[in-house]
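The chain is numbered in sequence order, starting from 1.
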Amino acid sequence: MPRSDFNGLPQNVINIYKSFIDKGDFVPVGIDDNVINFWIREDSGILKADYMAFLMNMTPHIEMKDKTEFLKAMEQIYDFIEEDTQGAGETENETIDESNIIGTSYNDAPIVKLVNQTIVRAVQKNASDIHFEGTKGYFILRFRIDGLLYDFKQFNKSIQEAVISRIKVMANLDIAETRKPQDGAIRLNVGTKTVDIRVSIVPSITGEKAVLRILDTSRELLSLSDIGMGEKNIDIFTHKLNYPNGIILVTGPTGSGKTTTLYAALKKLATRDKNIITIEDPIEYRIDGITQVQVNEKLNLNFSNALKYFLRQDPDIVLVGEIRDAETAKTAISASLTGHLVLSTVHTTDASTTLARLIDMGIEPFLLASSILLIIGQRLVRKVCPYCSKTAETPSEINDILEGYGMRVESYKKGQGCEKCRGSGFSGRVGIFEIMEIDEDIKKMIIGKADAKEIEKAAVNKGMKTMLEDGMDKVKEGITTPEEVLLATRL
């Protein structure tokens with residue numbers, strides 16, 4: 001039975017396939033001698049496949065495929081049929097081919113096609129964010145991939161208003177409002193994936209800017225080892241997750257993987273003998289057997305209010321997406337002291353400064369000491385591309401910095417840049433962690449309002465590995481580079 005082999009398709013096959021306006025029901029998957037193999041999704045694709053084979057003076061071999069398999073083939077061929085939309089908006093008759101848009105109408109207007117095409121492309125590239133932004137003379141499209149922003153395409157500025165309006169329509173926002181920020185959401189299917197998109201639009205001196213945060217809800221939940229947590233830290237974390245009550249906090253800046261860590265914990269906890277409820281903004285993954293609630297500020301359903309309602313639902317474990325204010329913090333502490341395990345996040349630089357942050361919110365130190373079980377500090381660093389990495393000697397200036405922390409790295413793996421990693425030398429990201437257990441000695445320090453550095457020093461003396469140390473361990477394992485770790489931990 002023929003298999004899809006898009007790398008083996010000659011360019012003339014790709015060019016002829018691209019010429020079809022509607023190709024959402026057939027796709028060429030390979031050539032054997034004078035036979036061209038097609039997969040089709042519906043009977044309507046048979047005529048197109050026959051006609052394409054006729055144009056090429058070849059014999060068609062046609063197989064009917066189910067929706068999932070067919071869409072996977074469409075996703076694979078996407079890279080080979082991408083249209084050049086660089087000049088969109090430059091001429092009055094400019095058109096944008098939507099042949100590489102999966103699961104959307106092929107008769108939409110050019111701007112609609114451009115936005116759809118961009119979203120699909122971002123999902124294909126595993127981008128976390130899409131930026132549509134104007135400059136003085138151009139309209140720029142950028143993707144955030146593995147934490148870094150890359151310029152993807154540049155358009156004529158004349159299409160900026162139309163593109164932003166299209167995004168507003170998709171997110172159910174007010175098209176006429178251009179003077180103040182707006183937030184919305186989009187949910188759609190891209191091939192075999194279901195993605196939720198958070199939309200943020202703000203006015204600027206060069207026109208409105210839209211940022212789309214992509215959340216792949218169909219992505220499989222990661223385990224604690226998948227996200228880069230070492231065995232020792234997993235043991236400590238898992239031990240505390242089995243406590244009947246208390247608070248476990250994950251801390252770090254925006255985009256440091258805190259929510260992913262909490263979901264990895266829920267993956268271990270989600271059993272039929274536990275009642276687990278979450279309040280999130282947004283819900284990034286959907287988990288069977290867990291009650292998940294979306295924040296809705298318009299209905300006054302925020303973290304604090306939802307948590308109060310949750311306690312009437314007989315929960316064993318409660319996840320609060322973020323502790324942002326004193327009211328939420330106090331309610332979480334109250335829940336933990338009345339027999340519930342509470343998981344949440346806080347925006348601070350590391351584990352020890354989390355305590356100072358909560359005290360600044362007005363939380364009494366003795367309440368923190370009696371309720372917090374564990375604080376996890378984390379960052380994300382890029383992983384070295386496995387396809388082009390080579391051993392490199394560590395620069396002396398890097399070791400000069402590391403020696404100030406009592407560390408040294410003689411050599412490490414460094415990506416050279418290849419097609420697989422888009423020339424960056426990196427592919428994917430992994431977490432680096434520090435896990436602070438709140439034992440009796442640290443409780444006394446909290447009550448005594450000890451400085452964050454003193455608490456960190458005490459935790460290190462008791463065996464806590466800092467994020468810098470954890471990162472350097474991953475450097476020695478060939479996972480990341482010392483530059484990445486230093487950049488992430490010395491901010």
Side-chain angles (χ1 to χ4, degrees), residues 146-148 224-237 248-258 260-261 264 345-357 374-384 389 391-415 425-426 428-439 441-442 445 450-491:
D146 293 340
L148 293 183
L224 293 172
S225 58
D226 290 334
I227 63 177
M229 194 174 285
E231 289 186 12
K232 180 182 177 182
N233 283 339
I234 290 176
D235 289 342
I236 296 170
F237 192 14
I248 295 176
L249 296 174
V250 182
T251 184
T254 300
S256 59
K258 301 184 295 297
T260 301
T261 297
T345 70
V346 184
H347 283 167
T348 55
T349 55
D350 53 35
S352 59
T353 56
T354 302
L355 298 165
R357 171 79 177 113
L374 196 72
I375 303 175
I376 301 173
Q378 72 175 76
R379 295 289 190 280
L380 290 177
V381 295
R382 292 182 294 172
K383 295 194 294 184
V384 174
S389 64
T391 301
E393 185 178 340
T394 306
S396 58
E397 55 268 26
I398 295 292
N399 271 323
D400 288 344
I401 296 172
L402 293 178
E403 285 171 358
Y405 297 93
M407 290 177 275
R408 185 176 180 83
V409 176
E410 298 298 335
S411 62
Y412 65 101
K413 290 289 187 180
K414 183 175 182 179
F426 297 94
R429 290 190 291 176
V430 68
I432 56 175
F433 302 87
E434 62 184 22
I435 295 189
M436 178 186 290
E437 293 185 84
I438 309 300
D439 62 11
D441 291 334
I442 291 182
M445 296 180 74
D451 180 79
K453 288 297 181 184
E454 294 177 13
I455 293 176
E456 180 184 62
K457 184 177 180 180
V460 169
N461 290 337
K462 290 174 176 290
M464 182 185 84
K465 186 174 289 188
T466 65
M467 281 185 281
L468 179 60
E469 292 172 319
D470 188 46
M472 287 305 155
D473 284 346
K474 289 180 170 65
V475 170
K476 294 173 183 177
E477 294 170 18
I479 297 173
T480 188
T481 68
E483 294 93 339
E484 277 291 300
V485 175
L486 288 172
L487 182 64
T489 58
R490 299 179 74 237
L491 297 178

query: Got T391 and K413 here, is their nearest side-chain heavy-atom distance under 4.5 Å?
result: yes

Check: Would you say the side chains of T348 and T354 form a donor-acceptor pair under 3.5 Å?
Finding: yes

task = Decide yes or no on side-chain contact (heavy atoms from CB on, under 4.5 Å) for E456 and M464, but give the supporting numbers first.
result = CA-CA 9 Å; E456 180 184 62; M464 182 185 84; 4.1 Å; yes

Rounding to 0.5 Å, atoms NZ (K474) and OG1 (T480) come to a distance of 9.5 Å

Within a radius of less than 6.0 Å around CD of E403, do more than 12 heavy atoms belonging to other residues, nucleotides or ligands occur? yes

In this structure, CD of E397 is separated from CG of L402 (nearest 0.5 Å) by 11.0 Å

> Is there side-chain contact between P253 and R379, with heavy atoms separated by less than 4.5 Å?
Replying inline: yes

Would you sort out whether V409 and I398 count as a side-chain contact (heavy atoms from CB on, under 4.5 Å), showing the intermediate values?
CA-CA 9 Å; V409 176; I398 295 292; over 6 Å; no

In short, S389 meets V384 closest at the heavy-atom pair CB-CG1, 3.3 Å

Quiz item: Is any side-chain heavy atom of L355 less than 4.5 Å from a side-chain heavy atom of M445?
Solution: no

d(L224 CG, N233 CG) to nearest 0.5 Å is 10.0 Å

Quiz prompt | Polar side-chain atom of E434 near backbone of T466 as donor-acceptor pair, under 3.5 Å | solution = no

Smallest heavy-atom separation, I432 atom then G471 atom, equals CG2-CA, 3.6 Å

dist E410:CD -> N399:CG (nearest 0.5 Å) comes out at 6.0 Å

Checklist line | Student check: side-chain heavy atoms of F426 and L148 closer than 4.5 Å | finding: no

Heavy atoms of I442 and A459 approach each other most closely as CD1-CB, 4.0 Å

When rounded to the nearest 0.5 Å, the distance separating NE2 of H347 from OG of S256 is 7.0 Å

To the nearest 0.5 Å, atom CZ of F237 lies from atom CD1 of I376 at 4.0 Å

Would you indicate whether the side-chain heavy atoms of D350 and T251 approach each other to under 4.5 Å?
no

How far apart are the C-alpha atoms of E437 and L374, what are their side-chain angles, what is the distance that settles it, and do they pass the side-chain contact (heavy atoms from CB on, under 4.5 Å) test? CA-CA 5 Å; E437 293 185 84; L374 196 72; 3.6 Å; yes

Side chain proximity check, L486 to M472, heavy atoms < 4.5 angstrom: yes

Tell me if a side-chain donor or acceptor on D470 pairs with a main-chain N or O of F433 at a distance below 3.5 Å. yes

Requested in this report: Taking the side chain as every heavy atom from C-beta outward, state whether D473 and K465 have any atom pair closer than 4.5 Å.
Outcome: yes

All heavy atoms of T394 vs all of S411, minimum pair found to be OG1-N, 3.5 Å

Would you mind reporting whether Q378 and I227 have side-chain heavy atoms less than 4.5 Å apart?
no

Residues A392 and K414: closest non-hydrogen pair is CB-CB, 4.1 Å

